[in-house]
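Below is one structure, written out as structure tokens; the observations come after it.
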Amino acid sequence: MENNMGTLIRVLSFSLGLALVFTLIANLLPQVEGEAPVEEEVDLSSLDMDTFVALGESTFTGKGTCTLCHNDMGRAPDLLNMDVVAVSAERMQDERYVGTASNVTDYIRESMVAPGVYVVAGFGKKGSNDSESPMPDVSAAPIQLSAVEVDAIIAYLQAKDGHEVSVALPTLDKADMSAASVGSEPVPAAPVAAATPEAALAKFGCSACHSVLATESPVGPDLRNVGSRLSRQQIRMSILDPMAEVAEGFPPIMPNLADQMMVTELEMLVQFLAEQKQ
Ligand code: HEC
Ligand code: HEC
């Protein structure tokens, strides 16, 4: 898992230098692949709660890397399949709870930025007797969510189970601040992303080893029907960590190409492959 994290973080780090403005655009506007975001397009005043919740969801599964641990594999509480608001209220009643949150919103925020304050029983670091959390502070490097992104996730976690959203929509002030704090880091030149799945397959040489679209190769599994064999998440993991699960009957030679991918390219490939059901 350390490995997956590392890889994913390296993939994500391409986008870390880009300001919040870009995050909002990437998540909210119809994506124009390969084109540099234009600042004028952001209009925080037109941001409504539904869109903010949607930003929270995409941050949860994307940049936040939350689903890497928070899934149904037992590594961390399965936040998507539990009522986080109700559970948070219970956690705060636990005698082991020593945090400072007095309401659910603050508990969820605290869980994200100070995970060590309260460690859910059974989920602590090995050998720590639940005194240390394996979860990273998601506001710190390398995940580095902005205050607005943290709020968006809280909004999403509340809304997904029908609870009222208690965080406020970001104001320009708050957004400017987080953008400024990101902007003070050296911003790497944005690499040019492949614009189509075909371009991404070519850019990363996938067709050299896989039968896909019109080309054939016997080296790796046929990808023309991969969507009917693997789930989206399995496809994503096959690319992010090729050695974690090696397809039966094939040599473990798939290179780790995720290192060189942008998030948009990775997600575009995952989307494309999930649709290959020939
Ligand atoms: C490296 C694995 C990992 C990542 C990445 C991760 N978490 Fe966690 N998280 C955990 C573990 C393990 C726990 C349980 C131990 C604890 O309470 O600290 C936890 C606990 C929590 C809790 C408290 C749950 C409860 O039942 O009280 C919340 C809320 C939470 N995480 C949210 C998030 C969000 C949101 C993200 C992404 C921005 C995230 N986590 C990323 C591993 C992770
Ligand atoms: C050097 C050869 C090679 C290259 C290049 C390569 N792969 Fe693979 N790939 C393999 C092999 C061999 C396997 C089967 C072994 C394994 O699972 O690691 C595999 C497995 C997979 C799987 C899992 C398929 C299944 O049925 O389980 C997916 C998805 C995948 N590759 C996608 C890609 C994508 C997307 C690219 C380009 C970004 C790519 N591969 C580049 C050799 C390669």
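In each ligand, atom 1 is the first atom listed, and ligand 1 is the first ligand listed.
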Would you say [X] touches ligand 1, if touching means a heavy atom closer than 4.0 Å?
{"X": "L68", "answer": "no"}
{"X": "L79", "answer": "yes"}
{"X": "V84", "answer": "no"}

Drop me the distance from E149's CD to L55's CG, to the nearest 0.5 angstrom.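 E149 atom CD to L55 atom CG measures 6.5 Å (nearest 0.5 Å).
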
If the threshold is 4.0 Å, N to carboxylate O, is there a salt bridge linking R96 and D130?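 No.
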
E216 bridged to R224 by N-O distance under 4.0 Å: yes

State the atoms of ligand 1, each with its element, that fall below the 4.0 Å cut-off from a heavy-atom position in [X].
{"X": "P115", "value": "18 (O)"}
{"X": "M82", "value": "26 (O)"}
{"X": "Y118", "value": "16 (C), 17 (O), 18 (O)"}
{"X": "I153", "value": "35 (C), 38 (C)"}
{"X": "P134", "value": "1 (C), 12 (C)"}
{"X": "R91", "value": "25 (C), 26 (O), 27 (O)"}
{"X": "V120", "value": "15 (C), 16 (C), 17 (O), 25 (C), 26 (O), 27 (O)"}
{"X": "L145", "value": "38 (C)"}

Region of V138 that comes within reach of ligand 1 [heavy atoms, distance under 4.0 Å]: side chain

Partner residues of E245 under the salt bridge (Lys or Arg N to Asp or Glu O under 4.0 Å) criterion, sequence neighbours left out: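 For E245 there are no salt bridge (Lys or Arg N to Asp or Glu O under 4.0 Å) partners, ignoring immediate neighbours.
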
Are there any N/O pairs under 3.5 Å between ligand 2 and the protein, and if so, what are their distances?
{"residue": "ligand 2", "atom": "7 (N)", "partner": "H210", "partner atom": "NE2", "Å": "2.7"}
{"residue": "ligand 2", "atom": "9 (N)", "partner": "H210", "partner atom": "NE2", "Å": "2.8"}
{"residue": "ligand 2", "atom": "17 (O)", "partner": "A247", "partner atom": "N", "Å": "2.8"}
{"residue": "ligand 2", "atom": "18 (O)", "partner": "P242", "partner atom": "O", "Å": "3.3"}
{"residue": "ligand 2", "atom": "26 (O)", "partner": "R229", "partner atom": "NH1", "Å": "2.2"}
{"residue": "ligand 2", "atom": "26 (O)", "partner": "R229", "partner atom": "NH2", "Å": "3.2"}
{"residue": "ligand 2", "atom": "31 (N)", "partner": "H210", "partner atom": "NE2", "Å": "2.9"}
{"residue": "ligand 2", "atom": "40 (N)", "partner": "H210", "partner atom": "NE2", "Å": "2.8"}

Sort and list the pairs that fulfil ring pair (Phe, Tyr, Trp, His ring centres under 6.0 Å) and have at least one residue in residues 133-156, not counting sequence neighbours.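 Listed once each, the pairs are F60-Y156.
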
Between R232 and Q271, does a side chain to side chain donor-acceptor pair (under 3.5 Å) hold up when you go through it step by step? CA-CA 7 Å; R232 205 169 265 273; Q271 169 79 26; 3.1 Å; yes

Salt bridge (Lys or Arg N to Asp or Glu O under 4.0 Å), that's the test. Do D106 and R109 meet it? Break it down for me. CA-CA 5 Å; D106 289 344; R109 184 176 290 109; 3.2 Å; yes

Test log, rule salt bridge (Lys or Arg N to Asp or Glu O under 4.0 Å), inputs K203 and E198: CA-CA 9 Å; K203 177 174 173 186; E198 290 78 6; over 6 Å; no

Answer yes or no as to whether an N/O/S atom of H70 is found below 2.8 Å from atom 8 (Fe) of ligand 1. yes

Atom 8 (Fe) of ligand 1 to M135: any N/O/S contact under 2.8 Å? yes

Check: S131/N129 side-chain N/O donor and acceptor closer than 3.5 Å: no

Hydrogens and angles aside, do E110 and Y97 bring a side-chain donor and acceptor to less than 3.5 Å of each other?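 Judged by distance alone, the side chains do pair up.
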
So for ligand 1, is S133 a polar contact partner (N or O within less than 3.5 Å, distance only)?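 Yes, there is a polar N/O contact under 3.5 Å.
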
Looking only at distances, can you tell me whether any N or O atom of S111, backbone or side chain, sits closer than 3.5 Å to an N or O atom of ligand 1? no

Would you say the side-chain atoms of S88 pair up with the backbone N or O of V104, donor to acceptor, closer than 3.5 Å? no

Keeping the roles fixed (side chain from Q234, backbone from S231), state whether a donor-acceptor pair exists under 3.5 Å.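 Yes: the side chain of Q234 pairs with the backbone of S231.
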
Please write out which residues are connected to F250 in a hydrophobic cluster, directly or through intermediates, given that two of Ile, Leu, Val, Met, Phe, Trp, Tyr count as joined at side-chain heavy-atom separations below 4.5 angstrom. none

